[in-house]
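Structure record follows, encoded as structure tokens.
So you know, we letter chains A, B, ... as the sequences are listed, proteins then strands, and number each from 1.
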Amino acid sequence: MSVLFAIVLLPLIAALLPRLVQSMGRSTVAIVTALPVLLALLLLLGTAPSVLVDGELLQAAVPWLPQAGLMLAFRLDGLAWLFALLILGIGLLVIVYGHYYLEKSDSGGRFFSLLLLFMAAMLGVVCSDNLLLLVVFWELTSISSFLLIGYWSGQAAARKGARMALTLTGAGGLALLAGVILIGQTVGSYDLGTVLASGDLIRSHALYPLMLVLVLLGVFTKSAQFPFHFWLPHAMSAPTPVSAYLHSATMVKAGVFLLARFYPALAGTDLWFVLVSSIGLVTLLLGAWMALFRHDLKGLLAYSTISHLGLITLLFGLSTRLAAVAAVFHVINHATFKASLFMAAGIIDHETGTRDIRKLGGLRRYLPHTMALATVASMAMAGVPLLNGFLSKEMFFAEAADTPLYGSLNWLVPTLATIAGMLSVAYSLRFVHDVFFGPVPAALVAHAPHEPRRLMRVPVEVLVLLCLAVGVFPAVVVGPLLAAAATATLGGELPEYSLAIWHGLNVPFLMSLLALTGGVAIYVWRAPLFALQRRWPRPHAPAIFEQAVQALVAVAGRFVRFIDNGALQRYVSWLMLPVALIMLAAMASRPDWLGEHALTPVDGLSILATIVAVLAALATVVLRRQRLVALLMISVVGLIVSLAFLRLSAPDLALTQLSVEVVTVLLLMLAMYFLPSRGVIESTWWDRSRDLFLSLSIGVGVGLLALFAMTHPGATISTFFIDNSIPGGGGANVVNVILVDFRGFDTLGEITVLAIAAAGIYALLENLGLCLPIYDPEGRPWAKDRSPLVLQMISRAVLPIALLVAMYILVRGHNMPGGGFIAGLITAVALVLQYVASGVHWVHARVPHNYHPLVAFGVLLAGLTGLASLLLGYPFLTSTFEYIYWPIVGKFELASAMLFDLGVYITVVGATLLILARLGKLSVVEQEEGN
Amino acid sequence: MSVWVEGLVAALILIGAGFTLVGSIGLVRLQDVYTRLHGPTKATTLGVGGIILASLVFFTAQTGVLSVHEVLITLFLFITAPVSAHLLAKTAMHRQEKKVQSTRGEPWQQ
Amino acid sequence: MLSFALNAAFVMVGIAMLLGSWRVLVGPSLTDRVLALDTLYINSIALIVLFGIYLGTSMYFEAALLIALIGFVSTVAVAKYLLRGDIIE
Amino acid sequence: MEILLAIMIAVLTSCGIYLILRLRTFPVVVGLTLLSYAVNLFLFAMGRLTLNAPAVIGATDQYTDPLPQALVLTAIVIGFAMTAFLMALALRAWGEFGNDHVDGTAIPGSDGDDRR
């Protein structure tokens with residue numbers, strides 16, 4: 001079913017567009033945003049016949065991470081269809097409204113991108129056919145709503161509100177994930193259909209209470225249920241279109257959507273009833289009570305939303321099938337009237353510059369049209385007959401009155417429901433009367449507000465018309481939709497219900513009547529209530545939340561500062577400590593570190609060399625503060641290591657080590673010139689003993705490990721390389737054939753790393769202003785003779801010899817020790833010698849010294865050699881070779897791998913010279929600037 | 001390989017190694033850095049030259065073709081050794097390293 | 001005869017290297033250390049050539065050649081560092 | 001020979017790690033160089049030791065394990081690149097903060113005055 005994917009993914013892909021076309025004007029942005037949504041809406045409506053009329057279940061799935069049970073699976077049943085309609089329909093209206101609402105200075109592209117992202121996330125939540133996928137989208141709604149609430153990121157309130165919303169809904173999302181995983185593990189599948197069919201299995205599971213609580217945590221945080229309700233009023237710092245969309249119609253409904261979704265799987269137990277209905281009831285009352293006293297228009301609406309969400313939650317909690325139908329119905333109705341009210345509040349804010357009810361009044365003179373719309377919507381909210389709110393509230397009263405539960409307290413629910421109804425009427429009345437009627441405050445007269453652009457009111461009109469239409473012709477307008485959604489929710493047969501305005505003079509009607517009259521009475525005599533409320537000792541939830549967050553941050557900060565105090569030494573110690581402990585443990589557990597593998601014979605010179613290396617290494621440590629001495633010591637170590645490679649049949653390594661040795665020494669000396677040349681003693685005794693312990697235990701451990709490996713027989717895969725070196729690679733030097741042929745891809749990677757390192761060093765040293773030392777470390781001025789003549793002359797004589805040797809080593813590398821790496825280093829050393837002997841200017845006047853392209857060319861050459869074999873139909877970097885006859889030289893074998901090696905050679909030359917010449921030029925640049 | 005060649009090689013090796021050793025002994029035994037410069041730069045270079053010559057004779061006799069490596073190494077060594085020594089002497093003078101009585105002249109005062 | 005000469009030479013060169021290392025470690029002056037390091041490089045050349053004769057292979061001669069080159073370069077560079085501080089200027 | 005190599009690896013590792021744990025950039029770079037010697041020898045040792053049998057076909061009748069050698073060969077070159085990068089970083093830190101402490105922060109009164 002590609003339609004399903006299209007519906008969900010259209011907004012997701014389109015989320016990129018508004019930012020791209022941002023420069024093309026505000027209208028373009030709005031149109032580009034609206035079109036995909038319209039398209040998705042039309043696609044959705046196109047599925048109406050099959051989903052709503054035939055009751056089909058549309059499904060589409062693509063594996064994502066099937067091993068983890070995560071599928072990109074979507075379903076469209078009645079419930080999902082209803083929510084998708086709300087999301088896309090109201091979304092479209094919000095886009096139109098938002099276009100006129102945003103100021104010219106606001107970034108429309110960012111706003112609409114985020115809005116579309118949120119829309120896609122919401123669609124993903126309601127259409128998911130996989131529990132894990134649902135959680136993914138659920139978190140995406142949290143994140144996108146965080147960004148939307150914090151859209152005006154310059155305002156502290158917006159940032160704070162966004163953070164609060166993210167913390168709570170994000171934490172709820174984690175709880176939901178845990179719950180979902182528990183459910184998935186219990187059922188054995190994350191497939192929604194399977195889970196919904198396994199309700200009995202879940203409910204009888206020992207961990208059912210835990211699953212339920214975890215899922216409900218997700219629901220209650222998202223739907224702003226007590227005691228997590230306080231984030232919603234703070235989220236009102238978002239732009240009003242966001243409030244209208246997220247905080248009335250969609251995101252907060254995600255929670256109750258989940259209640260509906262999991263209804264067949266989780267509902268029906270006493271625990272469900274107690275938890276869901278009591279939380280719903282508390283939220284219903286608390287929200288309504290708080291709403292009455294809000295002075296902020298959007299605050300009032302926010303608390304009213306909390307109250308209505310409580311109502312829906314309560315209905316789901318009542319666990320009767322009719323209550324669930326009523327809940328779904330109220331979802332539709334609340335979305336329509338509350339979105340329109342938010343938009344009206346936005347218009348008022350937009351036109352008068354304030355949302356404070358105390359500063360508003362008599363607006364009917366300026367905004368007659370808006371007044372009419374707001375009044376109708378408020379009446380729907382209050383539950384006045386002939387409007388949609390009345391119908392669902394009527395059903396709610398009926399269910400509340402019929403509740404046989406709570407034992408002898410069975411009068412409690414209907415009474416509290418009626419009181420909530422009264423409060424709802426009262427705050428609705430306050431919203432209309434305080435704003436549109438009464439005297440006009442002086443400040444407003446001067447402001448002279450006027451009706452907004454015609455199109456800005458269209459979305460409100462559409463929604464209000466829907467309120468009316470549903471209220472007057474419920475069965476026609478909303479009947480099939482409600483039936484389909486309720487069927488999907490209940491997962492079975494629908495109970496008997498009738499969508500009529502007049503059911504006769506029954507208990508629910510009386511309750512409605514009572515609520516209406518009581519509400520008017522409360523509004524009329526509200527002054528004492530306001531006084532009472534002012535003295536009301538209330539725990540300030542946001543403050544408590546802030547304190548908790550601050551405490552958490554402080555604890556985390558202390559912990560982080562303990563671990564991460566910025567001292568590199570400490571990090572390395574922390575890293576080394578486990579290594580040392582593991583080493584010690586390993587040494588203790590394996591006493592047989594000297595295996596029975598025959599030892600190779602020892603000779604006196606090797607012992608001598610080892611002693612020298614050990615002494616030099618120790619001297620490096622002891623004399624490290626005399627930095628040049630330390631440098632000479634590591635040269636000795638390097639020389640011995642190279643000789644060891646030679647002795648142990650690794651001439652290639654010896655050659656490489658020797659040439660790297662000298663470039664390293666040059667490099668360190670170049671750096672040492674700038675750095676202080678003597679160290680200071682600053683480690684404490686304790687530091688040094690700790691380091692001694694760490695280094696000794698790791699050193700001994702590594703040594704024993706090496707001994708263990710060397711004296712135990714091991715399997716090797718090298719037989720293949722030795723056997724195939726000549727037939728497969730055309731070279732006798734197996735090490736080189738491995739480098740350029742068998743493992744050529746690795747080598748390509750390595751020279752790339754080398755090139756990147758060189759470029760990185762170049763960039764690091766860019767614009768680095770270092771002071772040149774005038775005196776040497778002992779306080780003597782430097783010698784005046786820049787480059788002794790004899791050195792210059794002899795170095796020039798050495799260059800051709802060295803280059804000849806390098807070429808020789810490069811060419812013969814395939815068959816004898818040598819190769820691109822070594823030849824490259826030798827060439828680099830020979831050229832660096834010219835730098836040392838004759839200076840940068842002399843060299844740069846004679847040698848092309850732009851090493852960047854050289855490095856790039858080398859890597860490219862090596863890569864292209866590989867690609868050439870690809871073109872010829874062989875795998876990447878397959879080498880071919882041919883024997884040719886050269887006069888004088890004799891029979892000569894030419895392998896394509898040699899071209900690869902040439903690439904290696906060029907890269908190494910370029911990278912080494914790039915690094916050293918850059919370091920060397922540091923002082924030259926300084927001097928030039930100085931002069 | 002004839003006995004004569006072998007004898008020649010052995011002799012060259014022993015002479016070379018002997019000079020090398022003497023150079024190093026000088027490096028240790030002599031009194032100040034200026035005199036110590038003499039040991040390695042002269043004796044050792046000569047010694048290594050002897051050993052390389054031995055190798056040249058040995059491999060040329062073995063393969064019948066003139067062994068080029070050794071020539072190259074010798075050439076290289078004999079070109080560079082004086083330069084190294086020169087620079088080191090310059091360094092010692094620049095740094096005014098301590099000298100013993102018998103080392104005459106104070107060139108850095110010129 | 002040859003093997004005796006080789007063994008004797010190995011011993012002598014070995015002792016020479018030991019003496020050179022002693023000078024590197026002890027100093028006393030920086031110039032001494034550099035000089036001794038240079039000597040070590042040259043001794044290594046002797047050692048490698050001897051090793052080549054001993055094994056009868058010329059495979060290791062490039063290493064000797066290379067040591068000659070890098071010994072020279074590093075000695076020159078250190079000397080230049082001691083003289084001028086800035087080795088590439 | 002194995003024991004000698006093991007001793008060398010152990011000493012080089014110890015010295016390298018001890019130097020890496022110092023507080024100034026230069027000893028750390030030197031320590032890293034020592035440590036990379038040790039690591040290279042260690043990797044090389046994984047191929048077991050063979051005397052006088054380089055992996056060149058035709059030169060001898062048995063061959064040492066060439067694979068660790070190939071790995072170590074590139075490791076040596078990459079090790080140089082890493083040392084150079086670290087040194088450049090140290091120079092940059094010296095230029096930015098006026099001291100060569102490894103933490104890369106300006107420490108008042110440490111040895112910023114050393115800068116001449």
Side-chain angles (χ1 to χ4, degrees), chain A residues 604-605 608-609 612 626 628-629 631-632 635-636 651 655 658 662 665 669 677 775-809 811-812 816-818 826 829-830 833-834 836-838 888-890, chain B residues 13-14 16-18 20-21 24-25 27-28 33-34 36-37 40-42 44-45 47-49 51-52 55-56 59 63-99 106-110:
Chain A
L605 270 178
L608 210 77
V612 172
Q626 302 168 43
L628 187 65
V629 179
L631 193 63
L632 296 178
S635 296
V636 174
L655 293 172
L658 281 169
V662 65
V665 167
M669 274 195 301
S677 56
Y775 301 102
D776 74 0
E778 276 115 54
R780 246 177 258 113
W782 299 114
K784 294 197 177 56
D785 188 5
R786 244 190 198 195
S787 26
L789 190 64
V790 59
L791 177 60
Q792 288 185 29
M793 291 305 136
I794 296 297
S795 300
R796 282 168 213 173
V798 164
L799 182 64
I801 306 180
L803 289 181
L804 185 72
V805 172
M807 281 307 125
Y808 173 63
I809 281 185
V811 172
R812 76 159 205 172
M816 292 287 274
I826 295 174
V829 169
L833 179 63
Q834 308 310 311
V836 173
S838 311
I888 304 170
V889 181
Chain B
I13 287 175
L14 284 177
T20 310
L21 182 59
S24 289
I25 292 173
L27 182 67
V28 173
V33 67
Y34 305 100
R36 281 198 282 265
L37 259 170
T41 49
K42 298 178 179 71
T44 302
T45 310
V48 173
I51 290 175
I52 293 173
S55 167
L56 178 75
F59 282 104
T63 56
V65 184
L66 183 72
S67 185
V68 191
H69 291 91
E70 286 85 347
V71 180
L72 206 60
I73 299 177
T74 318
L75 185 71
F76 196 86
L77 210 56
F78 280 29
I79 292 178
T80 56
V83 183
S84 307
H86 173 78
L87 276 175
L88 285 174
K90 250 178 115 76
T91 311
M93 277 158 55
H94 169 72
R95 295 174 56 83
Q96 307 187 1
E97 304 287 11
K98 281 196 219 68
K99 64 184 185 74
E106 301 204 337
W108 55 87
Q109 282 178 350
Q110 288 165 7

Measuring from atom CG of A:Leu804 to atom CG of B:Leu72, what distance do you get when rounded to the nearest 0.5 angstrom?
7.0 Å

Heavy-atom contact with chain B under 4.5 Å, split by part of A:Leu791
both

If you look at every heavy atom in B:Lys90 and A:Pro788, which pair is closest and at what distance?
CE-CG, 4.0 Å

Is chain A contacted by the side chain of B:Leu87, its backbone, both, or neither, given a heavy-atom distance below 4.5 Å?
side chain

